[in-house]
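Sequence lines set the chain letters: A, B, ... in the order given, protein chains first and strands last, and positions in each chain run from 1. Computation of the quantities below employed the complete heavy-atom set of this structure, encompassing side-chain atoms and omitting hydrogens, waters and symmetry-equivalent molecules.
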There are 4 protein chains.
Amino acid sequence: MTDPYEPRPEHHFTFGLWTVGNRGRDPFGLEVRPVLDPGEAVHCLADLGAYGVNFHDDDLVPFGSSPAAREAILTRFRAALDATGLHVPMATTNLFSQPVFRDGAFTANDPDVRRFAVRKTFEAIDLGASLGAGVYVMWGGREGMECEAAKDVRLALDRYKEALDLCCAFVRDRGYDVRFALEPKPNEPRGDMFLPTVGHALAFIETLEWPEMVGLNPELAHETMSGLNFTHAVAQTLWHGKLFHIDLNAQRIGRYDQDFRFGSEGIRDAFNLVRLLEDAAWDGMRHFDAHAYRTEDTAGVWEFARGCMRTYLILADKARRFREDPEIRAALQDVEAARLAEPTSPAGLGADALAAVQAEVPDLTALQAKSYAHERLDQLSLEILLGVR
Amino acid sequence: MTDPYEPRPEHHFTFGLWTVGNRGRDPFGLEVRPVLDPGEAVHCLADLGAYGVNFHDDDLVPFGSSPAAREAILTRFRAALDATGLHVPMATTNLFSQPVFRDGAFTANDPDVRRFAVRKTFEAIDLGASLGAGVYVMWGGREGMECEAAKDVRLALDRYKEALDLCCAFVRDRGYDVRFALEPKPNEPRGDMFLPTVGHALAFIETLEWPEMVGLNPELAHETMSGLNFTHAVAQTLWHGKLFHIDLNAQRIGRYDQDFRFGSEGIRDAFNLVRLLEDAAWDGMRHFDAHAYRTEDTAGVWEFARGCMRTYLILADKARRFREDPEIRAALQDVEAARLAEPTSPAGLGADALAAVQAEVPDLTALQAKSYAHERLDQLSLEILLGVR
Amino acid sequence: MTDPYEPRPEHHFTFGLWTVGNRGRDPFGLEVRPVLDPGEAVHCLADLGAYGVNFHDDDLVPFGSSPAAREAILTRFRAALDATGLHVPMATTNLFSQPVFRDGAFTANDPDVRRFAVRKTFEAIDLGASLGAGVYVMWGGREGMECEAAKDVRLALDRYKEALDLCCAFVRDRGYDVRFALEPKPNEPRGDMFLPTVGHALAFIETLEWPEMVGLNPELAHETMSGLNFTHAVAQTLWHGKLFHIDLNAQRIGRYDQDFRFGSEGIRDAFNLVRLLEDAAWDGMRHFDAHAYRTEDTAGVWEFARGCMRTYLILADKARRFREDPEIRAALQDVEAARLAEPTSPAGLGADALAAVQAEVPDLTALQAKSYAHERLDQLSLEILLGVR
Amino acid sequence: MTDPYEPRPEHHFTFGLWTVGNRGRDPFGLEVRPVLDPGEAVHCLADLGAYGVNFHDDDLVPFGSSPAAREAILTRFRAALDATGLHVPMATTNLFSQPVFRDGAFTANDPDVRRFAVRKTFEAIDLGASLGAGVYVMWGGREGMECEAAKDVRLALDRYKEALDLCCAFVRDRGYDVRFALEPKPNEPRGDMFLPTVGHALAFIETLEWPEMVGLNPELAHETMSGLNFTHAVAQTLWHGKLFHIDLNAQRIGRYDQDFRFGSEGIRDAFNLVRLLEDAAWDGMRHFDAHAYRTEDTAGVWEFARGCMRTYLILADKARRFREDPEIRAALQDVEAARLAEPTSPAGLGADALAAVQAEVPDLTALQAKSYAHERLDQLSLEILLGVR
């Protein structure tokens with residue numbers, strides 16, 4: 001019998017080179033795993049059933065590589081892609097590791113640094129586009145500050161907008177079929193970062209020169225660090241038509257950026273999220289921006305990668321069961337879930353409609369007494385998750 | 001000698017009836033203070049040097065009052081306003097206390113509840129407008145959920161938008177000179193609330209029928225609950241031109257909604273905020289949405305109110321000193337703060353400008369080595385706050 | 001076929017009168033449910049399969065009741081207990097609702113208030129003991145502060161210790177077979193509370209006159225508010241031999257005290273906790289200190305209560321599966337879990353043992369390279385939880 | 001005129017080699033500062049007015065150094081100490097950087113790893129003692145886990161206790177005048193760490209073979225990560241007689257371990273802490289476990305170090321003003337702060353004393369109405385901090 005939770009390319013699972021290639025270094029400890037060759041990563045991911053692999057420019061071509069070294073790397077990488085059929089749906093720029101970005105990249109106080117960041121991004125877009133990436137992620141790893149007096153946030157937003165506008169102009173100029181996806185994060189490595197949540201980034205996009213070219217890459221861990229409900233964040237992003245990419249992992253509220261295996265913490269939230277993505281029939285990539293525990297060797301890395309995908313498929317199957325369960329359908333009626341789709345003012349926003357709302361005499365006694373069966377629905381949902389119904 | 005920190009009406013300090021009138025009830029304890037008559041509140045606030053008083057409809061006219069009772073209350077309240085010269089710059093609706101709103105107001109699943117909420121808001125807008133309120137605050141106290149399956153967030157946002165559009169239509173229909181200010185909050189009293197941060201609300205506004213009529217009322221405590229930087233939130237709100245009102249208080253990260261006296265926690269953040277508002281010459285109301293500790297009697301309430309205003313004025317004075325301090329001015333130059341105003345691409349977004357950015361050969365060695373004197377600037381800022389420079 | 005998750009008295013599930021009797025009032029909203037008669041609560045809980053019911057003095061006998069009213073209440077309550085066979089395993093004192101405790105009870109600055117609190121506790125112990133309670137819980141609801149200068153924490157701990165010593169002396173004097181269980185909480189309703197975590201309370205107990213009489217009542221929600229791992233807290237409590245009682249519910253990190261239905265948030269943590277309690281064969285009560293959502297009417301309250309117990313039994317069954325699963329047993333060997341039971345120094349603490357440790361020449365290369373298969377074990381645990389193995 | 005905030009050796013300020021030597025590497029970025037020679041660190045710290053310097057074994061002698069290299073390093077370091085008069089009051093072991101500790105050190109599942117950790121600690125104690133360190137700090141950097149099933153917490157505590165007992169036995173065997181100070185931390189780099197707070201560690205100490213040899217090294221950042229009140233944690237530690245050392249820095253609640261300059265965040269909390277330490281006349285070291293922002297070069301590092309000490313002295317001066325301010329003294333009387341020192345039961349714990357408490361008839365009406373002037377006291381405290389009184 002086939003395993004119903006076996007990942008296959010059509011599930012659109014992707015990993016970053018930096019995720020399976022993570023060497024286990026952390027603020028208090030050295031590397032524990034060897035360098036993973038990008039070509040080997042491609043082969044292993046393909047063997048596991050992934051659809052694609054993503055990268056920062058420096059993941060693939062180390063910073064400062066000579067043109068010849070770069071060509072050699074790209075040749076090997078393309079060969080691995082060709083051999084396996086793995087795709088590169090997304091690419092991004094590393095604007096945070098090098099000392100030059102210590103005060104930020106697009107929002108560094110020094111214009112030379114900002115220009116260097118934009119130029120590095122242009123080159124990385126060329127690289128991504130050459131490998132077929134249709135989504136370009138922008139995580140502002142150093143766009144923020146610790147010393148509040150050092151930057152006027154409003155000026156920083158001016159510069160952030162300018163940099164995005166420049167990148168959009170570049171893509172238009174080149175004629176690439178590339179869209180940008182901003183990835184918000186509240187803090188770490190900076191004390192506070194600009195565009196700290198999905199909401200702030202959505203609002204920011206509306207101020208851009210070409211807002212239709214820019215959407216979001218919400219990351220589960222980043223929203224969860226602030227204790228915000230990630231499923232709600234993704235739902236609002238979908239509502240705005242701006243879900244261009246997504247980063248899946250696991251995270252405990254109010255902690256350092258953990259990037260754990262998808263589902264390994266917050267399984268209830270992971271279920272709600274998968275239910276949303278599947279119900280919305282969202283057609284984007286399921287990208288895992290996570291890495292194996294530092295306890296693991298290379299074998300553990302692949303267990304980690306397999307676990308991410310497998311858990312997604314288990315939850316997607318539960319989402320289907322949720323939709324089909326007759327008791328849950330009845331419970332959804334009890335909470336009147338479908339009535340939220342009815343307009344409050346069926347007649348619209350005109351003067352007559354306003355008058356109608358004002359004229360309606362509610363049965364206040366009945367409305368005050370009215371209750372909702374949320375406990376029962378919530379328990380039934382939990383039992384679907386636990387596999388006991 | 002006059003007290004330099006004595007509040008006067010021109011400072012535009014305001015309080016809500018529910019703030020100085022808070023009776024000290026909390027989830028684990030009963031009321032400890034008597035009911036405060038709105039007229040008495042007006043007189044005391046005027047004596048303390050406040051500019052205005054704000055209210056929820058039910059603060060002023062208890063829910064379910066007869067028309068006669070309502071008239072009597074309003075007559076006394078107007079008399080107090082007239083006698084003192086106190087203004088009513090803002091009003092709002094209580095859509096959270098009554099059982100009818102237990103599943104939400106604008107986003108309740110039952111359309112009858114939603115219509116009742118809209119109608120109650122219309123009436124409260126009439127009341128506010130009749131007393132001169134130019135800003136109408138919207139806090140979605142019950143717009144959220146605990147049981148994730150009970151609501152589709154996207155439908156809830158549809159209904160939230162519809163309700164806001166209806167309220168805007170009503171104001172236009174009546175010809176009022178009123179603007180709306182959304183007040184985001186991440187959670188409490190609901191497990192998770194819609195529009196949880198300043199960012200989410202800013203993005204939401206752009207989807208409304210009349211976005212220019214709607215801005216924000218950011219609340220220090222609400223953003224701080226999520227650990228977000230409130231000063232940055234206000235800065236981004238100003239950047240979008242959407243700071244219509246502000247709620248000042250004090251709050252510890254990751255706790256219940258504390259609404260403490262302004263400055264009593266997070267004094268560094270309070271200073272940064274005041275510095276931002278004063279530097280931006282923001283001309284709105286400084287509203288204190290806070291209440292006295294439950295340890296206090298009525299005398300303690302007025303100490304609390306006096307403390308809120310006094311601390312603001314102390315910090316505003318420090319903001320002035322910050323601007324004028326020669327060592328700080330020099331330190332700001334060292335961190336190159338002003339250069340953040342320089343365009344990254346002086347030539348704009350055209351093809352030539354893109355080419356210029358790409359052609360610029362940076363002195364990478366110098367840029368990698370370049371550092372910034374943030375520690376010194378931060379320490380000088382702290383010493384201004386502590387009054388030792 | 002019988003339902004394998006049907007609660008029965010031998011499962012030792014208990015509820016407080018204040019939990020099923022919670023009327024849904026919160027800081028922003030009024031009561032939504034009618035008063036629940038204690039006798040009715042007893043009957044309903046017995047019908048649901050609970051073992052016992054617990055109370056604060058004021059839950060059962062309202063504060064200020066006349067002796068006659070008190071007797072009538074107790075007679076009815078005893079009759080309900082007799083009729084149903086429900087037990088009263090635990091009782092406690094309400095030292096937080098009345099205004100008299102606004103500055104604390106055992107740590108109030110005023111000695112008269114402290115004496116009143118001790119006396120109220122004595123009377124409540126008499127009441128609890130008369131109904132058979134063997135555990136007396138102490139939650140210091142108002143023992144804390146907002147204004148840091150108002151109390152010297154060290155003096156407050158002196159007084160806290162004195163009050164506990166007095167209560168122990170009282171129990172010894174009366175010859176009751178009663179043990180005390182301290183319930184830590186970090187904050188709410190006070191800004192900061194004394195004995196904020198399980199750890200602080202465990203340390204405090206060691207300073208008491210009769211430490212053997214005092215243990216803990218850890219509450220899931222309270223530890224989780226601080227983001228601490230509740231399962232670890234309970235494990236350390238067991239390790240100290242101090243788990244006298246436990247409060248089960250659900251809570252999101254860094255929020256107001258939610259007291260949700262057990263398992264409704266943090267299901268992974270709930271599973272780890274149940275696994276610990278069941279593996280340790282802990283013989284105490286499984287008390288649910290939680291309440292129904294404010295959306296619910298009385299029927300929803302009983303759904304809530306049923307759900308708490310049912311989820312516990314589902315998780316206990318999964319804990320059994322976890323123990324018996326052959327792949328998990330193999331994975332536990334891979335992570336060398338059992339070797340943690342081996343002494344590090346088999347020869348003890350003597351000079352020879354120290355010399356042996358120093359003399360051992362480790363194969364450092366092998367130890368540096370050694371890794372652990374935590375990802376695989378964690379994924380298998382998750383799949384037990386999800387019911388897919 | 002002399003600077004009143006100029007640090008001098010008698011202030012007992014100390015820094016770790018790893019603090020001023022921090023090179024600015026973080027999870028997302030490479031080193032930005034050169035290696036700092038320990039000898040140079042000693043000279044610079046002495047020039048700034050510090051009293052001492054502390055180290056992990058590997059800070060001073062890199063892991064794997066040959067005996068000859070080690071001797072050369074120690075000779076240079078001793079020469080610098082002799083030349084400057086700087087002391088080494090504390091030393092500690094690095095049990096977290098090397099891959100061998102990836103599953104823990106004292107609580108690793110593999111007994112060989114545990115023995116290696118104990119042995120490494122023995123050698124480091126020898127090193128510390130040889131340089132005069134009287135306090136030996138124990139931070140369990142890797143004692144914890146992510147995969148809950150991988151370790152039984154109770155067994156881990158057994159091993160943790162065994163390791164501490166071994167270290168105490170070693171110190172006794174050698175006849176060193178050394179005490180141990182445990183440093184709790186809730187998480188990072190492990191998902192959850194054992195002994196997560198000051199409380200858990202205090203309780204743990206009581207189970208050791210020689211509890212009098214072991215106390216705490218509470219760290220501001222570590223308690224604050226969990227949102228706990230650090231001043232209260234230190235007060236309870238003092239109350240237990242267990243404050244053996246302290247780590248001062250700055251941290252935002254619910255974030256990654258920031259280790260910012262003392263006072264740069266949470267200045268109110270820093271003031272309360274300094275007030276506690278100064279009022280208690282605590283005679284230990286004021287150690288700064290912090291590092292400069294990654295924006296800084298070496299000059300910025302020394303600005304950072306100067307700022308830590310200067311801010312402490314500013315706050316200590318304010319603590320003195322607080323004690324002497326007549327209005328504050330009056331306000332403290334209003335809140336009855338001194339009455340917390342009065343016994344609740346003046347007659348003790350005997351039967352007569354219990355009877356006296358029970359016999360006392362309180363004036364309940366008066367007690368219910370009694371309030372406290374906390375708002376005023378809190379505002380006065382704030383104004384001392386802000387330097388406006």
Subject >> Portion of D/Glu209 that has a non-hydrogen atom of chain C nearer than 4.5 angstrom >> reply: side chain
**OP:** Could you tell me how the ring of C/Trp239 sits relative to the ring of D/Phe204: parallel (under 30°), tilted (30 to 60°) or perpendicular (over 60°)?
**Re:** parallel
Subject >> Criterion side chain to side chain contact (heavy atoms under 4.5 Å, CB included) on D/Glu360 and C/Asp112, from CA distance to verdict >> reply: CA-CA 9 Å; D/Glu360 185 170 319; C/Asp112 288 337; 3.5 Å; yes
**OP:** Sort D/Leu332 into side chain, backbone, both or neither according to what part of it lies under 4.5 angstrom from a heavy atom of chain C.
**Re:** side chain
**OP:** For the pair D/Phe170 and C/Gln358, evaluate side chain to side chain contact (heavy atoms under 4.5 Å, CB included) and give the outcome as yes or no after the intermediate values.
**Re:** CA-CA 10 Å; D/Phe170 178 77; C/Gln358 289 174 277; 3.6 Å; yes
Original post:
Between D/Glu162 and C/Ser345, does a side chain to side chain contact (heavy atoms under 4.5 Å, CB included) hold up when you go through it step by step?
Top reply: CA-CA 8 Å; D/Glu162 187 189 7; C/Ser345 169; 3.7 Å; yes
**OP:** Say whether, by atom type as modelled, one donor and one acceptor occur between the side chain of D/Arg102 and the main chain of C/Lys370 under 3.5 angstrom.
**Re:** yes
Subject >> Part of C/Asp173 lying under 4.5 Å from any heavy atom of chain D >> reply: side chain
Original post:
What residue among D/Leu340, D/Leu367, D/Val335 forms side chain to side chain contact (heavy atoms under 4.5 Å, CB included) with C/Asp110?
Top reply: D/Leu367
**OP:** With a 4.5 angstrom heavy-atom cut-off, could you sort out which part of D/Ala369 is near chain C: side chain, backbone, both or neither?
**Re:** backbone
Original post:
side chain to side chain contact (heavy atoms under 4.5 Å, CB included) between D/Leu349 and C/Leu166: does it pass, once the steps are laid out?
Top reply: CA-CA 6 Å; D/Leu349 301 177; C/Leu166 282 164; 3.7 Å; yes
Original post:
Does a donor on one side chain and an acceptor on the other come within less than 3.5 Å for C/Glu148 and D/His232?
Top reply: yes
Original post:
So, D/Arg154 side chain and C/His240 main chain: donor-acceptor pair closer than 3.5 Å or not?
Top reply: no
